[in-house]
> 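Below is the structure I would like to discuss, written out as structure tokens.
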Amino acid sequence: MPEASVSSETPAGAAHVGSPLLDIQDLKTYFHTDDGTVKAVDGVSFQAWPGETVGIVGESGCGKSVTALSIMRLLPMPPGKIEGGSILFDGEDLVTASPARMRQIRGGKIGMIFQEPMTSLNPVFTVGNQIEEAVRLHLHLRGKEARDHAIDMLAKVGIPSPEARVDEYPHQMSGGMRQRVMIAMALSCHPKLLIADEPTTALDVTIQAQILELIRSLQSELGMAVQMITHDLGVIAETAHRVVVMYASKVVEMADVKELFGRPRHPYTRGLFRSIPAITGGHDRLQTIEGTVPNPLEFPSGCKFHPRCTFATDHCTKHEPELLDLGEGHLSACWLTDPSGPMYDPEKVS
Amino acid sequence: MSGNGDLLVVRNLKKYFPIRKGVFSRVVAQVKAVDNVSFHIDRGETLGLVGESGCGKTTLGRAILRLIEPSAGEIAFDGVDVLSLKGAAMRRMRRRMQIIFQDPYSSLNPRMTVLDIVGEALHVHGIARGREREERVKQLLERVGLASRYVNRYPHEFSGGQRQRIGVARALALNPSFIVADEAVSALDVSIQAQVINLLVDLREEFGLSYLFIAHDLSVVRHISDRIAVMYLGEIVETAGSDDLFDRPLHPYTEALLSAVPVADPTRERARIVLTGDVPTPIDPPSGCHFHPRCPLVEKICSEVPPGVTDAQNGHTFRCHVVARQFPDEATTPVESAAP
Ligand SMILES: Nc1ncnc2c1ncn2[C@@H]1O[C@H](COP(=O)(O)OP(=O)(O)OP(=O)(O)O)[C@@H](O)[C@H]1O
Ligand SMILES: Nc1ncnc2c1ncn2[C@@H]1O[C@H](COP(=O)(O)OP(=O)(O)OP(=O)(O)O)[C@@H](O)[C@H]1O
Ligand code: SF4
Ligand SMILES: [Mg+2]
Ligand SMILES: [Mg+2]
């Protein structure tokens with residue numbers, strides 16, 4: 001019998017009580033390549049509290065995945081290196097944690113859904129083996145218990161006939177199914193933090209809705225914090241409590257989700273919102289952000305957004321604006337929103 | 001925008017892929033990728049085509065251009081029976097029907113310059129050579145918003161959005177009247193995507209182009225399309241004017257699909273229909289209505305009889321036994337004689 005469950009959801013604002021589960025301060029991750037140093041993440045700070053979903057948005061190449069891989073300490077080294085900053089997770093600094101300690105944390109207290117599903121699934125083991133291995137290691141389940149848990153997780157992510165599928169190899173599955181296996185694996189050990197890097201980009205919207213629903217229900221069940229990385233503003237609106245907007249390796253704006261969508265302040269964020277066609281219709285010409293995302297080897301001087309910004313002045317080309325709190329946790333890095341700067345004019349961007 | 005008469009009429013189009021096994025390559029099954037699809041596109045009109053991965057959108061687009069040979073059916077383009085054309089006649093027809101591919105990274109030959117990529121068809125069709133060809137390519141580049149001094153560059157020297165513009169310029173080289181845009185903006189960042197969508201809209205106004213616009217992003221499809229066709233497992237299950245489809249989805253699959261789309265508005269509360277189960281395979285599609293195993297409205301008849309086409313007025317048609325009951329009996333054409 002088919003079922004159709006009807007649900008309505010708005011992310012409930014998670015109150016920030018106690019200390020954050022994840023506290024990233026001034027993170028700098030660089031790649032030293034033959035062509036020069038790619039400053040992929042350059043002074044990024046943000047926090048995530050238990051039970052909270054923090055959305056990370058920004059266009060291709062802005063440093064979203066590198067931020068995530070830095071937390072997991074899974075950067076290709078060389079050429080990658082964490083050059084500065086700290087990543088406090090549940091009281092310990094992951095930047096200085098030993099490789100052995102990181103192996104305990106990965107797949108245990110922190111689960112990650114990777115942008116490339118095949119990189120995290122081992123082709124020579126069945127998907128069941130891979131999930132069972134993780135729960136043996138982190139949840140100390142064995143034998144039938146571990147297998148039942150694996151089957152249960154596969155069922156939860158919507159794999160049909162999980163009892164049979166558990167013995168299949170990754171290559172026997174469709175892309176969407178592999179993605180779901182990876183999600184099952186990331187969630188199998190009941191992590192405190194789930195890092196989801198474009199978890200549903202490769203999936204159909206109906207399957208995407210299923211997966212986001214699952215992440216949400218596990219979150220409220222387990223009080224898990226989620227770092228949701230995506231360029232899909234719709235997914236952000238429906239899942240995140242708070243949003244971090246990245247542009248060219250830095251955070252340019254951060255706010256509560258309703259505040260950010262209702263009153264974006266940074267010209268880049270405003271441009272992003274205007275370039276998406278509204279699902280509610282309207283065939284007006286779309287507004288665009290002219291130009292392209294800058295090459296990290298040739299970042300512009302001053303505010304890195306200035307070559308594409310309609311408000312840019314001479315000042316913007318020379319001086320880089322700081323990320324400042326405009327009140328109630330709404331942060332923006334733009335000269336127009338800096339009260340002590342020479343260009344302060346919040347009317348222009350409100 | 002529409003109303004200038006049919007440019008393209010597709011009737012009962014089928015594309016089956018045989019699955020062969022064993023030493024004698026015996027055909028053991030058929031992938032019914034496109035199964036009895038009928039629709040039409042007017043001059044200057046954009047028909048959006050949506051549906052889940054694997055439902056047959058790309059196969060349909062390619063079969064219309066005969067980039068793959070349809071198994072059965074009829075295609076009339078500007079009154080000409082496309083499937084009967086051979087050799088030179090088909091090559092001439094192809095000048096009028098072009099395709100823009102999904103992936104701006106792999107659809108351009110990395111060893112060819114922009115001049116050769118965009119100008120190849122001009123050469124092949126003997127339309128322009130040498131200086132003349134270069135001039136024409138430069139004009140095309142300017143038209144899609146690229147500087148003409150880029151003619152001698154290679155694809156890797158361009159960003160994703162610029163590469164997609166090269167793909168658009170290539171499709172425009174032969175002055176087509178119809179373009180299949182297969183996920184033409186899907187791989188692009190939103191700000192770049194908006195630039196390419198605006199370009200496609202401008203070209204439509206300027207040259208009176210018709211598009212079959214295939215995409216999985218429903219807000220993009222709604223924005224650009226006059227009408228939208230929804231495909232499920234090889235069949236079109238609903239067709240309607242864009243706004244009509246969103247305001248009044250009639251097929252339960254369309255309804256589920258629209259409700260699943262994440263909306264960039266955190267203050268909006270919505271009822272969501274969460275479908276269970278996977279998209280079944282087109283190798284052995286479910287009997288009766290292909291959607292019945294996942295359908296929230298399913299009844300006994302759904303697994304037994306394929307639903308006919310119901311005309312819900314204003315060019316809005318759908319195929320569902322249960323919803324058809326809201327309409328008079330004569331609105332439904334049983335499946336054997338179903339026409340667009
Ligand atoms: N191994 C590497 N060597 C050199 N540069 C790298 C490497 N990995 C990433 N980068 C660079 O770091 C920058 C940030 O990349 P990142 O993968 O974090 O982007 P992203 O925001 O996740 O983009 P997308 O949306 O495309 O996934 C990019 O300029 C990228 O080219
Ligand atoms: N050459 C082929 N041989 C066998 N089967 C094929 C072939 N090409 C496509 N198919 C099958 O036909 C069906 C329809 O594929 P198609 O690529 O048209 O889907 P689509 O709707 O474009 O999907 P997507 O949204 O993922 O691009 C799929 O089941 C696919 O596996
Ligand atoms: S600082 Fe200047 S260039 Fe940068 S976003 Fe603000 S106005 Fe634009
Ligand atoms: Mg990434
Ligand atoms: Mg396709």
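Just so you know, these numbers use all the heavy atoms, side chains as well, and skip hydrogens, waters and symmetry mates. Letters go in sequence order (proteins before strands), and every chain restarts at 1.
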> Check each atom of B:S259 against the heavy atoms of chain A and say whether the ones under 4.5 Å are side chain, backbone, both or neither.
neither

> Which heavy atom of A:R308 sits nearest to which heavy atom of A:G291, and what is that distance?
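Residues A:R308 and A:G291, closest heavy atoms: NH2-O, 3.2 Å.
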
> Is chain B contacted by the side chain of A:E290, its backbone, both, or neither, given a heavy-atom distance below 4.5 Å?
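Contact with chain B involves both backbone and side-chain atoms of A:E290.
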
> Side chain, backbone, both or neither: which part of B:D217 has an atom under 4.5 Å from a heavy atom of chain A?
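Contact with chain A is absent: no heavy atom of B:D217 under 4.5 Å.
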
> Quick one: of B:S225, B:A260, B:S191, B:S242, who has the most non-hydrogen atom pairs under 4.5 Å with chain A?
B:S191

> Does any backbone or side-chain atom of B:I197 lie under 4.5 Å from a heavy atom of chain A? Answer side chain, backbone, both or neither.
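For B:I197, side-chain heavy atoms alone lie under 4.5 Å from chain A.
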
> According to the interplanar angle, ranging from 0 to 90°, do the rings of A:H266 and A:F305 count as parallel (below 30°), tilted (30 to 60°) or perpendicular (above 60°)?
tilted

> What part of A:L233 is in contact with chain B, defined as an atom under 4.5 angstrom from a non-hydrogen atom: side chain, backbone, both or neither?
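When you check distances to chain B, atoms from both the backbone and side chain of A:L233 fall under 4.5 Å.
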
> Counting heavy-atom pairs under 4.5 Å with chain B, which one of A:H231, A:R285, A:Q208 comes out on top?
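Highest number of pairs under 4.5 Å: A:R285.
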
> Considering residues, nucleotides and ligands other than A:E328, do more than 12 of their heavy atoms fall under 6.0 Å from its CD?
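Check fails, neighbour count at 12 or below.
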
> Is any side-chain N of the basic residue among B:R227 and B:D244 closer than 4.0 Å to the acidic one's carboxylate O?
no

> For the side chain of A:K64 and the backbone of A:G58, is there at least one donor-acceptor N/O pair under 3.5 Å apart?
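Confirmed, A:K64 side chain pairs with A:G58 backbone.
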
> We want to know whether A:H330 and A:E253 form a side-chain donor-acceptor pair, criterion being a heavy-atom distance below 3.5 angstrom.
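Yes, because at least one side-chain N or O of A:H330 sits under 3.5 Å from a partner of the opposite role on A:E253.
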
> Please classify the contact of A:N295 with chain B as side chain, backbone, both or neither, using a heavy-atom distance under 4.5 Å.
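A:N295 has no heavy atom closer than 4.5 Å to chain B.
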
> Under the 3.5 angstrom rule, does the side chain of B:R165 hit a backbone N or O of B:L199 as a donor-acceptor pair?
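Checking the backbone N and O of B:L199 against the side chain of B:R165, no donor-acceptor pair under 3.5 Å is found.
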
> Could you check which of B:A194, B:A256, B:P262 has the highest count of heavy-atom pairs closer than 4.5 Å to chain A?
B:P262

> Given B:Y253, which of B:H290, B:E238, B:E52 fulfils the side-chain hydrogen bond (donor to acceptor under 3.5 Å, both in side chains) condition?
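The option that passes is B:E52.
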
> Would you mind checking which part of B:D265 comes under 4.5 Å of any heavy atom in chain A, side chain (CB onward), backbone (N, CA, C, O), both or neither?
backbone

> Which atoms of B:V220 come close to chain A, meaning under 4.5 Å heavy atom to heavy atom: side chain ones, backbone ones, both, or neither?
both

